[in-house]
Amino acid sequence: MHRIYLDNNATTPLLPEVFQAMRPYFGEHFGNASSIHHHGQQTRAAVEDARESVAALLGCRALEIVFTSGGTEADNLAIAGLVAAGDHVITSSIEHHAVLLACKHLEDIGVDVTVLPVDGRGLVDPVDVRRALRPNTKLISVMMANNETGVLQPVEEIGKIAAEAGACFHTDAVQAAGKVAIDVKQIGCHALSISGHKLHAPQGVGALYVRKGTRLRPLFYGGRHERSRRAGTENVPGIVGLGKAAKMAKEALDRGEDKMMAGMRDRLQMRVLAQVGEAAVNGDGAARVPNTTNIHFDHIDGEAMVIALDLKGVAVSTGAACSSGAIEPSHVLIAMGLRPDQARASIRFSLGKQTVAEDIDYALVLVSETVARLRELSPKYTKQPVSTET
Ligand code: PLP
């Protein structure tokens, strides 16, 4: 069966070049990067080289990069590492659960947490951030790009507010890295999380940028790896893969490939809306990462749509991969003001570097057919006239 993968916000396929770069570190280059002999020096050099590449992607210095096991750990390290009992934290209602639940845990240890709302486009208002500040606000954590809608948050404005208030600013850039240019100095953040498997590196590796001079308590105790910020023998093949993917992502951004991807995404979105009717883009009107569109199709069940499309070879998602199978509708879409039935009728299409124009054309036909078929089966649906424009 011809298969089209449009769920790159869940995970991306490893690029062949990334796999090639990693391969020797599963074989002949096996040393522990902390060993002082030849084998250790070889892997140490590879880890430091990867650190330089990740730093170049984020606009920081290599010593400000801490390698982790992924985005979840990077988020938890930033939040638990910067805050203590008696502090106040500001976050938003559309964060990934890695941030939301880390903040919830902080409440159990005596930290006050303010969770800000978003508007109908899924945007946090910087005015709300300023209003929520307290004398003991230690951390503001607002994501750079949302995983479900792709909506980009006003992180630079939030960074300025944090600086004025003397608070730390962390941003979860897991869904932004490699898709849009990132400059940690321009954002003004103290910490920024990324994850390898969202940018065509392997699963199980990520990084946290920590601004030089920022005091961070580690999550783990053990060896002095990663300048004592993350104990544990480094995942050398994973880190090498992340470094190679970061280098390739930066080169692609410098070549303007993000605009090509936005063009394919926009074509998919425009044609779906034109062909299907009674559908709308969640997050429309806000700036978004170039690879994501999230559309609600009235009178359908999103899970049924995902299954029906999968049977035809098209992989999409109803939102966060980790919450599929959950009965609750997406907390992100509900926070944006969608009704639960609209949130449940929403589908996320997310493109990757491997996506080509033919994939979009193929998916378009199947999406239109599938929505029409599911609506025919829906007892509440009465057919509306649709535009013939494509
Ligand atoms: N933050 C965001 C915005 C994400 O989309 C994800 C993964 O879906 C994570 C954090 C967690 O990253 P990881 O899967 O590397 O733990």
With respect to I140, which candidate in V89, L133, T91 satisfies the side chain to side chain contact (heavy atoms under 4.5 Å, CB included) definition? L133
If you group Ile, Leu, Val, Met, Phe, Trp and Tyr by side-chain heavy-atom gaps below 4.5 Å, do M261 and V151 land in one group? no
Worked verdict on E17 versus K247 for salt bridge (charged side-chain N to carboxylate O under 4.0 Å, His left out): CA-CA 11 Å; E17 296 89 336; K247 191 162 188 282; over 6 Å; no
Give a yes or no on whether L192 and I161 share a hydrophobic cluster (residues Ile, Leu, Val, Met, Phe, Trp, Tyr; joining criterion: side-chain heavy atoms under 4.5 Å apart). yes
Is I94 close to H331 at the side-chain level, that is, under 4.5 Å between some pair of heavy atoms? no
Verdict with reasoning, D341 to R344, per salt bridge (charged side-chain N to carboxylate O under 4.0 Å, His left out): CA-CA 5 Å; D341 63 300; R344 285 199 182 90; over 6 Å; no
In terms of heavy-atom contacts, V124 and S92 come closest through CG2-CB, 3.6 Å
Between CZ on residue R230 and CD on residue E73, distance to nearest 0.5 Å: 4.0 Å
For atom NZ of K353, is the number of surrounding heavy atoms from other residues, nucleotides or ligands below 6.0 Å larger than 12? yes
Within the structure provided, determine whether I4 and E358 are in side-chain contact (heavy-atom separation under 4.5 Å). no
Short question: side chain of Q41, backbone of I36 - any donor-acceptor pair under 3.5 Å? yes
Before you tell me yes or no, could you show the steps for T355 and L6 under side chain to side chain contact (heavy atoms under 4.5 Å, CB included), namely the whole-Å CA-CA distance, both residues' side-chain angles and the distance that decides it to 0.1 Å? CA-CA 8 Å; T355 309; L6 293 175; 4.0 Å; yes
Heavy-atom closest pair, residues A33 and V236: CB-CG2, 4.4 Å
Closer than 3.5 angstrom, by distance alone: can the side chain of S330 be matched with the main-chain N or O of V332 as a donor-acceptor pair? yes
Is there a donor-acceptor contact under 3.5 Å from the side chain of R229 to the main chain of L77? no
S317 vs N9, side chain to side chain donor-acceptor pair (under 3.5 Å): CA-CA, chis, key distance, verdict: CA-CA 9 Å; S317 139; N9 285 10; over 6 Å; no
Between the main-chain N or O of N294 and the side-chain N or O of Q269, is there a donor-acceptor pair closer than 3.5 Å? no
Y25 and H29 aromatic ring geometry - parallel, tilted or perpendicular at 30°/60° bounds: tilted
Between D310 (side chain only) and V306 (backbone N and O only), is there a donor and an acceptor less than 3.5 Å apart? no
May I ask you to test the D361-R267 pair for a side-chain heavy-atom distance under 4.5 Å? yes
So do V142 and F169 actually touch side chain to side chain, heavy atoms under 4.5 Å? yes
Out of curiosity, C60 SG to I65 CD1, how far, rounded to the nearest 0.5 Å? 3.5 Å
Test your reading of the model: is there a side-chain donor-acceptor pair from S346 to the backbone of Q342, 3.5 Å cut-off? yes
In sequence, state the C-alpha distance, the side-chain angles, and the governing distance for E251 and E257, and then conclude on side chain to side chain contact (heavy atoms under 4.5 Å, CB included). CA-CA 9 Å; E251 288 164 358; E257 283 180 20; over 6 Å; no
Considering only heavy atoms from C-beta outward, does the side chain of I182 approach that of M144 to under 4.5 Å? yes
Rounded to the nearest 0.5 Å, what separation is found between the NE2 atom of H170 and the CE atom of M143? 10.0 Å
Is it true that a side-chain atom of K212 and a backbone atom of L63 form a donor plus acceptor pair closer than 3.5 Å? no
How about R255: does its CZ atom have over 12 heavy atoms from other parts shown lying under 6.0 Å from it? yes
Name the one of L57, T12, V18 that satisfies side chain to side chain contact (heavy atoms under 4.5 Å, CB included) with L199? L57
Transitively linked via ILVMFWY side-chain contacts under 4.5 Å: L364 with M264? yes
Pairwise distance CD(Q175) to OG(S195) - rounded to 0.5 angstrom: 8.5 Å
List the steps and the verdict of side chain to side chain contact (heavy atoms under 4.5 Å, CB included) for R375 and F297. CA-CA 9 Å; R375 282 180 177 170; F297 299 93; 3.9 Å; yes
Please answer: with hydrophobic residues joined when any side-chain heavy atoms are less than 4.5 Å apart, are V115 and L82 in the same cluster? yes
Is there a path of hydrophobic side-chain contacts, each under 4.5 Å between heavy atoms, that joins L116 and I187? yes
Please name the pair of heavy atoms, one in A308 and one in R373, separated by the smallest distance, quoted to 0.1 Å. CB-NH2, 4.1 Å
Which atom pair, heavy atoms only, marks the closest approach of E157 to P126? OE1-CG, 3.4 Å
After noting the C-alpha distance and the side-chain angles of Q354 and N8, does the key distance pass the side chain to side chain donor-acceptor pair (under 3.5 Å) rule? CA-CA 10 Å; Q354 78 289 357; N8 290 272; 3.0 Å; yes
Interatomic distance, L374 atom CG to L309 atom CG [nearest 0.5 angstrom]: 8.0 Å
Distance col, row H190:NE2 vs C168:SG, nearest 0.5 angstrom, shows 4.5 Å
Can you find a pair of side-chain heavy atoms, one from E95 and one from D75, that are under 4.5 Å apart? no
Evaluation steps, side chain to side chain contact (heavy atoms under 4.5 Å, CB included), between E278 and H299: CA-CA 9 Å; E278 291 182 86; H299 319 291; 2.8 Å; yes
Side-chain (K198) to main-chain (A10) donor-acceptor, under 3.5 angstrom: yes
Counting C-beta onward and ignoring hydrogens, is there a side-chain heavy-atom pair between L333 and T149 closer than 4.5 Å? yes
Indicate yes or no for a side-chain donor-acceptor contact from Q42 to the backbone of G31 under 3.5 Å, with no hydrogens or angles considered. no
Is there a donor-acceptor pair under 3.5 Å between the side chain of T214 and the backbone N or O of R211? yes
Over all atoms of both residues, closest heavy-atom pair of A177 and I194: CB-CG2, 3.6 Å
Can you name the nearest heavy-atom pair linking G238 to V205, along with the distance? O-CG1, 3.5 Å
Could you tell me if the side chain of S34 sits less than 4.5 Å from the side chain of R44, heavy atoms only? yes
